[in-house]
Undergrad: 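Input: one structure, supplied below.
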Amino acid sequence: MRIATWNINGINARLESVLAWLDEVKPDIVGLQEIKTIDEKFPREEIEALGYNIETHGQKGFNGVALLSRVPFDEVHRGLPGDDSDEQARLIEGVFSTETGVVRVCNIYLPNGNPVDSEKFPYKLGWMDRLNTYVAERLELEEPFVLIGDFNLIPTGHDTHDAKAWWGDALFRPESLEKFRILANMGMTDALRATSSEPSYTFWDFQGGAWRRNAGIRIDHLMLSPHAADRLEGVRVHKDVRGQDKPSDHVPVEGTFAFA
DNA sequence: ATGACGGTCCAAGACCGA
């Protein structure tokens, strides 16, 4: 089974690219972030025609996440618990049955948090606290649990072209890294880092010729519970997608697992 | 040294992103 994450930066602006990639790669489960539209305006028919079941958690204009799956959904959960005043659509989770048992896939669009002197940074940290609580509860189930998405977090200086330039940004500073370390220390494995020591960037800014200069960062992750990590076979970053026509600023990251 | 992006709202430019 192959499970992928991709921040597409607008599903309606990116539809042709997404259809082409799905048709070529045919991943089993895909988490999309920044669909930037409401559920009613998500282009369901075109994606369903490629053999996918679809569940969305959309929002007008910004944010929004979706799960696509060739396997039927047993369960769907929308939204991150813990703050009733939070109206941003940033989490959707699906539960799937395979021949070798259940797989739970949670797809997130973690807040960016910049600028750090605004209310956006404490929102990010609070969101990460709530996520850690959520993940701790999921880990108690002792299932294969795959937490994927745009984490807006650079795990180490090795995951950026210029650690000094990024240090202090909401994506790469002590408060954010501390929350991410709590997640890792619960037993969630960074799939890419577990299988490769290459830099493997997943985002290149539209500005400043970042792609041309390979000035990237790695912020899109697959984090695995012990039961999921045990079945990890490999991770592939679809870097070529960034060089295609009308690209997103993020590329897909795909994990292969020994689930039937 | 300078200028250098793209999507969404919706119809001009603000807001957002990282």
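Side chains are part of it too, since the values below use all heavy atoms of this structure and drop only hydrogens, waters and symmetry mates. Residue numbers start from 1 in every chain, and the chains themselves are labelled A, B, ... in the order their sequence lines are given, proteins ahead of strands.
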Undergrad: P atom, B:dG17 versus B:dA11: distance in rounded Å?
TA: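 Here B:dG17 and B:dA11 have their P atoms 22 Å from each other.
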Undergrad: Looking for any heavy atom pair under 4.0 Å, which part of the strands does A:Asn7 touch: base, sugar-phosphate only, or nothing?
TA: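 Result for A:Asn7 = sugar-phosphate.
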Undergrad: Charged N to carboxylate O below 4.0 Å: is that the case for A:Asp162 and A:Arg213?
TA: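 Here A:Asp162 does not pair with A:Arg213 in a salt bridge, since their nearest N and O are not under 4.0 Å apart.
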Undergrad: Could you walk me through whether A:Gln33 and A:Asp150 satisfy the side-chain hydrogen bond (donor to acceptor under 3.5 Å, both in side chains) test, starting with their C-alpha distance in whole Å, then the side-chain angles of each, then the deciding distance to 0.1 Å, before giving a yes or no?
TA: CA-CA 7 Å; A:Gln33 305 89 38; A:Asp150 176 357; over 6 Å; no
Undergrad: When you compare B:dA1 with B:dG6, how far apart are their P atoms, in angstrom units rounded to a whole number?
TA: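 Those two atoms are separated by 26 Å.
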Undergrad: If the condition is salt bridge (Lys or Arg N to Asp or Glu O under 4.0 Å), which residues does A:Glu48 pass it with, not counting sequence neighbours?
TA: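 Checked A:Glu48 against salt bridge (Lys or Arg N to Asp or Glu O under 4.0 Å); matches are A:Arg44.
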Undergrad: Which part of the nucleic acid, if any, lies within contact of A:Lys124, taking any heavy atom under 4.0 Å across all strands shown: a base, the sugar-phosphate backbone alone, or nothing?
TA: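 Counting heavy atoms under 4.0 Å across all strands, no contact is made by A:Lys124.
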Undergrad: Check for me whether A:Arg2 meets the cation-pi criterion with A:Phe257, that is, NZ or CZ under 6.0 Å from the six-membered ring centre and within 45 degrees of the ring axis.
TA: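 No, A:Arg2 and A:Phe257 do not form such a contact.
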Undergrad: Taking only the P atom of each, what is the distance from B:dA18 to B:dA4 in whole angstrom?
TA: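 Going atom to atom, P in each nucleotide, I get 23 Å.
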Undergrad: Want to settle it: does A:Lys246 or A:Gln88 sit nearer the 5' end of DNA chain B, counting the closest nucleotide to each?
TA: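 Between the two, 5'-proximity favours A:Lys246.
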Undergrad: Would you classify A:Phe172 as touching base, sugar-phosphate or nothing, given that sugar-phosphate means primed atoms plus P, OP1 and OP2, and contacts are heavy atoms under 4.0 Å?
TA: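 No contact at all - A:Phe172 keeps every heavy atom at 4.0 Å or more from the nucleic acid.
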Undergrad: Does this structure show an ion pair linking A:Glu175 with A:Lys124, if we count only N-O contacts that are shorter than 4.0 Å?
TA: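 Here A:Glu175 does not pair with A:Lys124 in a salt bridge, since their nearest N and O are not under 4.0 Å apart.
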Undergrad: With the threshold set at under 4.0 Å for non-hydrogen atoms, list the residues of residues 150-165 of chain A touching DNA chain B in residue-number order.
TA: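 Output list: A:Asp150, A:Asn152.
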Undergrad: Measuring only the P atom in each nucleotide, how far is B:dG7 from B:dT2? A whole number of Å is fine.
TA: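 Nearest-Å result for B:dG7 against B:dT2 at atom P: 29 Å.
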Undergrad: How about A:Asn185: does its CG atom have over 12 heavy atoms from other parts shown lying under 6.0 Å from it?
TA: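 Yes.
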Undergrad: With a 4.0 angstrom cut-off to heavy atoms of chain A, pull out the first and last contacting nucleotide of DNA chain B, in 5'-to-3' order.
TA: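 Reading along DNA chain B, I get B:dA4 to B:dA18.
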Undergrad: Quick one: side chains of residues 230-237 of chain A, donor-acceptor pairs under 3.5 Å with protein atoms, not counting sequence neighbours, listed by atom name and distance.
TA:
{"residue": "A:Arg231", "atom": "NH1", "partner": "A:Thr100", "partner atom": "OG1", "Å": "3.3"}

Undergrad: Name all residues meeting the side chain to side chain donor-acceptor pair (under 3.5 Å) criterion together with A:Thr156; count only those two or more places apart in sequence or in a different chain, and write none if there are none.
TA: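 Counting only residues at least two positions away or on another chain, A:Thr156 forms a side chain to side chain donor-acceptor pair (under 3.5 Å) with A:Asp159.
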Undergrad: Look at A:Arg138 together with A:Glu93 and state whether they make a salt bridge at an N to O cut-off of under 4.0 Å.
TA: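 So A:Arg138 pairs with A:Glu93 through a salt bridge.
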Undergrad: Considering heavy-atom distances to DNA chain B, does A:Asn63 or A:Pro247 have its closest nucleotide positioned more toward the 5' end?
TA: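 The 5'-side residue here is A:Pro247.
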Undergrad: Mind checking if A:Asn9 touches a base, just sugar-phosphate, or nothing, with heavy atoms under 4.0 Å?
TA: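 Sugar-phosphate, no base atom in range.
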Undergrad: Between B:dA12 and B:dT8, how far apart are the two C1' atoms, rounded to whole Å?
TA: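 Pairwise C1' distance, B:dA12 against B:dT8, rounds to 13 Å.
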Undergrad: Below 4.0 angstrom, which residues in residues 201-213 of chain A have at least one non-hydrogen atom near DNA chain B?
TA: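 Those residues are A:Phe203, A:Phe206, A:Gln207, A:Gly208.
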Undergrad: Specify the closest pair of heavy atoms between A:Met1 and A:Val71, including all atoms of both residues, with the distance to one decimal.
TA: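 Taking A:Met1 first and A:Val71 second, the nearest heavy atoms are CE-CG2, 3.9 Å.
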